[in-house]
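Right, one structure below, let's go through it.
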Amino acid sequence: MKVVVFIAIVGLAAALPLPQEEEVVEVVQTRQEQSILDSVPILEDSRNGPDGDGNFDFRYETGDGIVHEARGANSGDGIVRVSGRFSYLSPEGEPIDISYIADENGFQAFGDALPTPPPMPPHAVAQLRAAEEAFLEQDLPARAPTAVESGGRLG
């Protein structure tokens with residue numbers, strides 16, 4: 001009897017439909033998307049450097065609208081300062097344009113597409129103004145004039 005029940009359960013399990021059709025469709029879609037990605041032409045690709053001091057510039061553009069260009073220059077102080085920009089179309093079809101600099105102050109990006117913090121609530125602004133006014137009203141000890149203020153004479 002146990003064997004008959006076991007065979008009946010195995011038969012029912014074998015008769016259930018398998019989700020193979022969905023898996024096949026997903027694999028085909030993934031391969032088609034990969035094929036599209038593989039076939040985006042490079043319209044421009046120019047590169048110069050880097051030279052011995054780290055100076056360089058490059059620009060490339062792809063057939064799907066991506067553009068990236070940058071220039072790096074060493075002013076003789078050993079720091080290569082980079083400025084550049086890139087642009088592309090968002091998935092929603094909106095043009096995205098970001099410019100950036102990278103120097104002794106770090107990487108800084110600029111563009112309308114970058115997130116920004118929400119405005120400060122009015123009560124926080126009022127608190128900051130009050131603190132600033134209180135600081136300015138403090139009775140600070142007189143400081144000695146700087147060398148520039150005293151015409152180069154100290155003391």
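As the structure is a prediction and not an experimental result, all values here were calculated from the model.
Less than 6.0 angstrom separates the ring centroid of Tyr100 from the ring centroid of Phe107.
The same ILVMFWY cluster, assembled from side-chain heavy atoms under 4.5 Å apart, contains both Leu114 and Ile66. Linking ILVMFWY side-chain heavy atoms closer than 4.5 Å, directly or via other members, places Val67 and Phe58 in two distinct hydrophobic clusters.
For Ala113 against Ile98, the heavy-atom pair with the smallest separation is CB-CD1, 4.3 Å. Minimum interatomic distance between Ser87 and Asp97 (heavy atoms only, all atoms of both residues): CB-OD1, 3.7 Å. Listed here is the closest heavy atom pair of Ala70 and Val82: CB-CG1, 4.4 Å.
Here the OH-CG distance, from Tyr88 to Asp64, works out to 12.0 Å after rounding to the nearest 0.5 Å. Note that CG of Asp112 is 11.5 Å distant from CD of Glu94, once rounded to the nearest 0.5 Å. One finds the CD1 atom of Ile79 at 4.5 Å from the CD atom of Glu104 (value rounded to the nearest 0.5 Å). Note that CD of Glu69 is 9.0 Å distant from OG of Ser83, once rounded to the nearest 0.5 Å. Rounding to the nearest 0.5 Å places CG of Asn48 at 8.5 Å from CZ of Arg71. The CD1 atom of Ile101 lies 16.0 Å from the CZ atom of Arg85; values are rounded to the nearest 0.5 Å.
With a 6.0 Å radius and a threshold of 12 heavy atoms from other residues, nucleotides or ligands, Arg59 has its CZ atom above the threshold. Annotation for Glu132: atom CD does not count as buried by contact number, only 12 or fewer foreign heavy atoms lying within 6.0 Å.
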Decide yes or no on side-chain contact (heavy atoms from CB on, under 4.5 Å) for Arg47 and Asp45, but give the supporting numbers first. CA-CA 7 Å; Arg47 301 167 189 266; Asp45 186 3; 2.8 Å; yes
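Of the N and O atoms on the side chains of Asp77 and Ser75, not one donor lies less than 3.5 Å from an acceptor on the other residue.
Counting heavy atoms from C-beta on, the side chains of Met120 and Leu128 come closer than 4.5 Å. Taking the side chain as every heavy atom from C-beta outward, Asp103 and Gln108 approach each other to under 4.5 Å. Residues Glu44 and Tyr60 are not in side-chain contact: their nearest non-hydrogen atoms beyond the backbone lie 4.5 Å or more apart.
Not counting sequence neighbours, Phe135 has no partner by the ring-ring contact (aromatic ring centres under 6.0 Å, His included) test.
The main-chain N or O of Asn55 is never found under 3.5 Å from a side-chain atom of Asp53 such that the two would form a donor-acceptor pair.
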